[in-house]
A.B. asks: 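My structure is below; once you've seen it, I'll send some questions.
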There are 2 protein chains.
Amino acid sequence: MNMSLRERKKQRTRQALIDAAGRLFDEQGYEATTVEQIAAAADVSTRTFFTYFRHKADVLYANSFERIDVGVRVIGSRQPGERPVQLLARAFDEMLAESWEMGLTAGLVGEAFKLPIHSHRASVDRSDTRLERLAAALVSACDIDRLTAYSMVAAAIGAVSGAAAVAMGEGRTDEEVLAETARACRRALAGFDS
Amino acid sequence: MNMSLRERKKQRTRQALIDAAGRLFDEQGYEATTVEQIAAAADVSTRTFFTYFRHKADVLYANSFERIDVGVRVIGSRQPGERPVQLLARAFDEMLAESWEMGLTAGLVGEAFKLPIHSHRASVDRSDTRLERLAAALVSACDIDRLTAYSMVAAAIGAVSGAAAVAMGEGRTDEEVLAETARACRRALAGFDS
DNA sequence: TGTAAATATGCATCGAGTGCAACTAAAGTC
DNA sequence: GACTTTAGTTGCACTCGATGCATATTTACA
């Protein structure tokens with residue numbers, strides 16, 4: 001980890017923004033918090049916020065995007081003979097494990113799942129979405145058609161999000177939430193093991 | 001259908017907005033089209049657009065929301081002994097059948113699926129989302145816990161959206177798209193038949 | 001130390017979305 | 001048919017997310 005001063009500063013600012021956003025979202029809710037407030041709390045200009053995150057909502061997913069990397073990596077490490085369903089389930093397990101480990105606040109995750117997030121003006125770079133990246137990885141790793149791959153990943157994401165939202169909404173413990181999401185994921189995938 | 005003049009006018013305006021939006025989205029794409037343009041094309045003020053649709057994106061889902069009603073109704077009509085998975089699959093079949101019947105342009109549907117839709121300022125009325133409404137209906141109709149219901153519905157929605165997006169992206173015929181989405185839906189649900 | 005490259009910031013502007021108040025047209029009343 | 005009530009339309013001002021551009025300010029590197 002030999003970062004240049006520049007690099008370190010960038011990381012620090014980025015983290016400051018994430019922390020500030022997390023704190024403010026928890027305190028006032030997502031909608032009630034403005035980018036201006038986040039930037040002020042992180043001691044940078046509003047304009048600078050947008051050099052780190054394309055959209056206000058992206059700060060919520062900041063770590064989520066890194067989690068996707070984990071999933072893509074798992075998919076890339078497919079064992080010979082491993083079936084797509086198993087592989088994808090394994091990828092989700094790793095991603096979910098990561099999620100809790102890196103101490104996302106419930107507030108952050110909760111908001112993230114709650115939001116039917118969209119994009120305002122942003123011309124939505126599809127290749128950057130969770131679905132796209134995981135499905136693409138699955139297609140390259142296995143002998144599977146795009147349609148099936150996308151359906152599988154989308155079903156899994158849906159199940160996981162739905163389960164997590166309800167479980168967290170009901171105030172379950174982290175362990176329970178983790179267990180329930182993993183279970184929902186497997187159930188959603190089961191039928192694709194044709 | 002004995003509507004008052006007022007009611008008829010409202011429907012006409014609403015339809016004019018939907019039509020104008022569909023046309024413009026097809027011609028220029030979703031992002032490039034402004035609400036101002038849609039309103040102008042429908043010959044109403046910009047402000048009026050927002051009395052019909054809460055968000056720009058809602059005009060895309062205009063008919064989709066009505067489809068959800070169909071699904072909710074199917075779920076409400078559960079046959080004694082019918083399992084949640086069968087019931088939900090039936091609901092999705094009906095909703096999908098409706099979709100093509102009422103002549104949604106591929107452009108409209110395509111855009112709708114493409115968008116990782118979100119909400120700008122709008123404090124997202126959750127009880128109004130597809131997921132919420134279908135899951136809630138399922139919980140009342142069957143003896144099923146919220147967590148499972150939400151996971152199921154979310155998985156199904158994901159699978160259907162994913163399959164539809166890919167199938168349409170590949171230029172399949174309407175029949176094929178319909179068949180593939182129905183299949184993806186069933187596969188996503190299969191594992192929930194515990 | 002000076003210069004090139006990367007960041008940060010201010011400013012102007014666009015588009016979505018909301019609240020409010022004034023206006024217009026339809027509906028119901030006498 | 002004129003009168004009032006009520007629903008729906010519109011303009012206006014404003015907030016906030018987001019982008020482009022031009023200008024500082026830093027850091028890197030010779």
Side-chain angles (χ1 to χ4, degrees), chain A residues 2-18 20-21 24-25 28-62 111-112 115-125 128, chain B residues 2-18 20-21 24-25 28-62 111-112 115-125 128:
Chain A
N2 240 338
M3 288 180 185
S4 64
L5 169 58
R6 225 174 222 167
E7 204 62 26
R8 269 176 289 148
K9 261 193 156 175
K10 234 167 54 173
Q11 296 296 350
R12 217 183 311 143
T13 302
R14 186 184 146 86
Q15 199 55 49
L17 284 168
I18 294 173
L24 290 168
F25 290 162
Q28 335 175 333
Y30 176 82
E31 302 289 352
T33 303
T34 68
V35 172
E36 198 178 348
Q37 293 177 322
I38 300 171
D43 208 45
V44 294
S45 74
T46 302
R47 191 70 188 72
T48 296
F49 175 94
F50 289 105
T51 71
Y52 285 89
F53 303 101
R54 282 233 284 241
H55 313 292
K56 177 186 174 187
D58 282 0
V59 71
L60 279 175
Y61 296 120
E111 287 293 346
L115 289 172
I117 289 295
H118 229 293
S119 95
H120 170 56
R121 170 186 273 176
S123 56
V124 180
D125 186 353
D128 208 42
Chain B
N2 242 336
M3 288 182 185
S4 64
L5 171 56
R6 230 176 218 165
E7 204 62 26
R8 268 176 290 149
K9 261 194 156 175
K10 233 168 53 172
Q11 296 296 350
R12 216 183 311 142
T13 303
R14 186 185 146 85
Q15 199 54 50
L17 283 169
I18 294 173
L24 289 168
F25 290 163
Q28 335 173 337
Y30 177 80
E31 302 289 350
T33 304
T34 69
V35 172
E36 199 178 347
Q37 292 177 322
I38 300 171
D43 207 44
V44 293
S45 74
T46 303
R47 190 71 188 72
T48 295
F49 175 93
F50 290 106
T51 72
Y52 284 90
F53 304 100
R54 281 234 285 243
H55 312 293
K56 176 186 173 186
D58 282 359
V59 71
L60 280 175
Y61 296 120
E111 288 291 347
L115 287 172
I117 286 298
H118 98 68
S119 97
H120 169 56
R121 168 188 275 175
S123 55
V124 179
D125 185 353
D128 208 42

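Values reported hereafter were calculated over all heavy atoms of this structure, with side chains retained and with hydrogens, waters and symmetry mates removed.
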A.B. asks: Is there a donor N/O on one and an acceptor N/O on the other, under 3.5 Å, for the side chain of B:Arg54 and the base of C:dA16?
C.D. replies: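 No, the side chain and the base share no sub-3.5 Å donor-acceptor pair.
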A.B. asks: Between D:dC16 atom P and A:Gln28 atom CD, what is the distance in whole Å?
C.D. replies: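 My rounded result for the distance is 11 Å.
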A.B. asks: From C-beta outward on B:Arg6, which listed nucleotide comes closest to its side chain: D:dG8, C:dA5, C:dA16?
C.D. replies: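 Closest nucleotide to the B:Arg6 side chain: D:dG8.
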A.B. asks: Give a yes or no on whether A:Gln11 atom CD has more than 12 heavy-atom contacts from other residues, nucleotides or ligands under 6.0 Å away.
C.D. replies: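 For A:Gln11, atom CD is crowded (more than 12 foreign heavy atoms under 6.0 Å).
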A.B. asks: Identify, between A:Lys9 and A:Thr33, the residue whose nearest nucleotide on DNA chain D lies closer to the 5' end.
C.D. replies: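 The 5'-side residue here is A:Thr33.
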A.B. asks: Could you check how far CG of B:Leu5 sits from P of C:dT24, rounded to whole Å?
C.D. replies: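 It works out to 18 Å between those atoms.
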A.B. asks: Residues of residues 36-52 of chain B with any non-hydrogen atom less than 4.0 angstrom from an atom of DNA chain C: list those, numerically ordered, please.
C.D. replies: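 Residues of residues 36-52 of chain B under 4.0 Å from DNA chain C: B:Arg47, B:Phe50.
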A.B. asks: Measure the distance from NZ on A:Lys10 to P on D:dT27 and round it to the nearest whole Å.
C.D. replies: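 Going from A:Lys10 (NZ) to D:dT27 (P), I get 14 Å.
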A.B. asks: Please report, rounded to the nearest Å, how far the C1' atom of D:dG17 is from the CG atom of A:Leu24.
C.D. replies: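 Between C1' of D:dG17 and CG of A:Leu24: 16 Å.
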A.B. asks: Does B:Ser4 place a side-chain N or O at less than 4.0 Å from the phosphate oxygens OP1/OP2 of C:dA27?
C.D. replies: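 Looking at the OP1 and OP2 atoms of C:dA27, one of them is under 4.0 Å from a side-chain N or O of B:Ser4.
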A.B. asks: Give the rounded distance in Å between these two atoms: CD of B:Glu31 and P of D:dG17.
C.D. replies: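 Those two atoms, CD and P, are 17 Å apart.
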A.B. asks: Closest to the B:Val35 side chain: C:dA26, C:dA16, D:dA28?
C.D. replies: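 That would be C:dA16.
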A.B. asks: Strictly below 4.0 Å: does A:His55 bring a side-chain N or O up to OP1 or OP2 of D:dG17?
C.D. replies: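 No, because none of the side-chain N or O atoms of A:His55 sits under 4.0 Å from OP1 or OP2 of D:dG17.
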A.B. asks: What is the distance, to the nearest angstrom, from the NZ atom on A:Lys56 to the P atom on D:dT19?
C.D. replies: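 The distance from NZ of A:Lys56 to P of D:dT19 comes to 15 Å, rounded to the nearest Å.
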A.B. asks: Return the value, rounded to whole Å, for the distance between atom CZ of A:Phe53 and atom P of D:dT19.
C.D. replies: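 Computing the A:Phe53:CZ to D:dT19:P distance gives 14 Å.
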A.B. asks: Could you go through residues 46-53 of chain A and list every donor-acceptor pair under 3.5 Å that involves a side-chain atom there, pairing it with any protein atom two or more places apart or in another chain?
C.D. replies:
from	atom 1	to	atom 2	distance (Å)
A:Thr48	OG1	A:Ser45	OG	3.0
A:Thr51	OG1	A:Thr48	O	2.8

A.B. asks: Separation of B:Glu7 atom CD from C:dA26 atom P, in whole Å?
C.D. replies: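 Rounded to whole Å, this separation is 14 Å.
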